[in-house]
Amino acid sequence: MPVLSASGLARTFPTRRGPVEAVRGIDLTVERGEILGFLGPNGAGKTTTLRMLTTLLAPTGGTATVAGCDLARDPAGVRRASGYVAQSGGVDPNVSVREELVTQARLYRLGKAEARDRAEELAADLGLTDLLERKTATLSGGQRRRLDVAMGLTHRPEVLFLDEPTTGLDPGSRADLWDLVRRIRAEHGTTVFLTTHYLDEADALADRLVIIDKGVVAADGTPEALKRAHGGSPDASLQDTFLAITGRGITPRDTTPLAV
Amino acid sequence: MSSLLSDTALVFGRYARQTLRSKLQMLFGVLMPLLYLLFFGPLLTGLPLPSAGSSWQVLVPGLLLQLGLFGAAFCGFGIIVEKQFGVVERMRVTAVSRSALLLGRVLRDAALFVFQAVLLVLAALVMGLRAPLPGILIGFAFVAVLTVALASLSYALALRVNSPQEFGPVINSVTMPSMLLSGLMLPMTLAPAWLNVLSHAMPFRYLVDAVRAAFVGDYASSAVLYGAVVALALAAVSLALGTRAFRRAAA
Ligand SMILES: Nc1ncnc2c1ncn2[C@@H]1O[C@H](COP(=O)(O)OP(=O)(O)OP(=O)(O)O)[C@@H](O)[C@H]1O
Ligand SMILES: [Mg+2]
């Protein structure tokens, strides 16, 4: 039984200039404990898909279940089971790091003492211990990103959605975050659903990739399988493979329409 | 049920701490009614008003509700800012009860405006107000219920718009007619018949009449009853709309 499955998931935004079909029918499944890399060019619909899967946005079509809970029928169950780190974060600049972490834990209904301990533990995991008393407005971009990630981990979710978690992190912090994600998976069997534009990150971290383009799934498979199928060889770079799949830049050999 | 209470307490605590950190926010709302009290109130003391009691017993109830009306209607501004920081989505994605996200906020607002109402009444006592204590307490209760109702509507609207620039004009175009048509400054019984009739279509009028009756000790009057019914009905509808907005906030 996959821990997450979506079928025909779609979202159209009505705008003044007519409807925008942000997501046009996504089918995918994720197995328990899998780290899924969800890739796609800017505007492909990654964030919109994540916002639907975390109940923030009602789909205009299709269905999905997360951790056995149906998105439409049991949104509260979906929320209890999942953690979400939004692309643009979500902390109040006038609140201290400690207060944000403790409140977040309490919002997930941890007891008072438990919430305090969890805040300390998360701060240690994400290198924020010395910053606990600081207002979040005073954090550097990378420090704030680590706080965003900590907030999503608070209640040890079964399924963790990370929307570009490492954007703005220095190479050391990025490597630390990769280790953390692997450790969480190893220790708790957490399923991780992550978007990124760093293909080395996808290559290093993800067991499987789903590449979407213009709101639909364009390719799905392990990095090796995708390289073999779309990049031309198992040794192709993920960069070339990605460009071949999304049709930007180079064109894959087998579908080259014109002779040069 | 107990999780709704503890969730509400948690959200209330978060926003109450923010208010306590900002002395300016705590006092700002009381400024406008206070100016009316100081510079408008004395104009009324010699006028023959068609109501029982002194002119202060007519004006101060209006100013209390003015405080609630303007204060609560603009509550949504805060949430627009929070939305831009991503705080609203971050909280909506947690397990916390949707109703608590609204209730915690509006209860903070109610507490804030009742606190300001107390300050206003203290100033009014210095200016010459004399009114029975139960009447004043009833006035505070109306401020609280009005705040809960209007702040809920304000949050519901604010969750639907993208910028303060869209929000401000809507609120202004609602609050000004509400103030004028409800007879906040002077009782509508002074008005010509057409205006008096029109003002009966304005729900706040019943609240103003109720608090004025309470301030002259007329607790068992139909004015207090109608005011209470309208206020509670308004609050119930607004809370339902507000909760729905938190459940499915888009923009
Ligand atoms: N609220 C909205 N109203 C109208 N259009 C929207 C809205 N949200 C997203 N879109 C549009 O939907 C499309 C998909 O957006 P989305 O944010 O899901 O892309 P993304 O894959 O996350 O891109 P990026 O890599 O840049 O983060 C875009 O064309 C975007 O402009
Ligand atoms: Mg995105």
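Proteins come first, then strands; the chains are lettered A, B, ... in the order of their sequence lines, and each starts at number 1.
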Next item on the list: Count the heavy-atom pairs under 4.5 Å between each of B:Ala95, B:Gly86, B:Ser97, B:Ala100 and chain A, then report the option with the highest count.
Entry: B:Ala95
Note to self: Tell me which of these, A:Arg80, A:Glu99, A:His155, has more heavy-atom pairs under 4.5 Å with chain B than the rest.
What the structure shows: A:Glu99
Item checked: Heavy-atom closest pair, residues B:Arg92 and A:Thr55 -> NH2-O, 4.2 Å
Next item on the list: Quick one: which of A:Val85, A:Val91, A:Val78 has the most heavy-atom pairs under 4.5 Å with chain B, could you say?
Entry: A:Val91
Note to self: Are the side chains of A:Asp92 and B:Arg14 in contact, using a 4.5 Å heavy-atom criterion?
What the structure shows: yes
Next item on the list: Using non-hydrogen atoms and a 4.5 Å limit, figure out which bit of B:Gln84 sits close to chain A: side chain, backbone, both or neither.
Entry: neither
Margin query: Would you compute the distance between atom CZ of B:Arg90 and atom OH of A:Tyr84 and round it to the nearest 0.5 angstrom?
Written below: 13.0 Å
Checklist line | Contact leader toward chain A among B:Met91, B:Gln18, B:Arg17, where contacts are heavy-atom pairs under 4.5 Å | finding: B:Arg17
Notebook entry, point to check: Is it the backbone or the side chain of A:Pro93 that comes under 4.5 Å from a heavy atom of chain B, or both, or neither?
Noted result: side chain
Check: Going through the checks in order, is the salt bridge (charged side-chain N to carboxylate O under 4.0 Å, His left out) test met by A:Arg109 and B:Asp7?
Finding: CA-CA 8 Å; A:Arg109 311 225 166 110; B:Asp7 284 358; 2.4 Å; yes
Note to self: With a sphere of 6.0 Å drawn around CZ of B:Phe40, does it hold more than 12 non-hydrogen atoms of other residues, nucleotides or ligands?
What the structure shows: yes
Item checked: Partner chain A: residue of B:Leu101, B:Leu10, B:Val93, B:Val81 with the largest heavy-atom pair count (under 4.5 Å) -> B:Val93
Check: Less than 4.5 Å apart, any side-chain heavy atom of B:Thr94 and any of A:Arg79?
Finding: no
Note to self: Less than 4.5 Å apart, side chain to side chain, heavy atoms only: is that true for B:Arg21 and A:Val95?
What the structure shows: yes
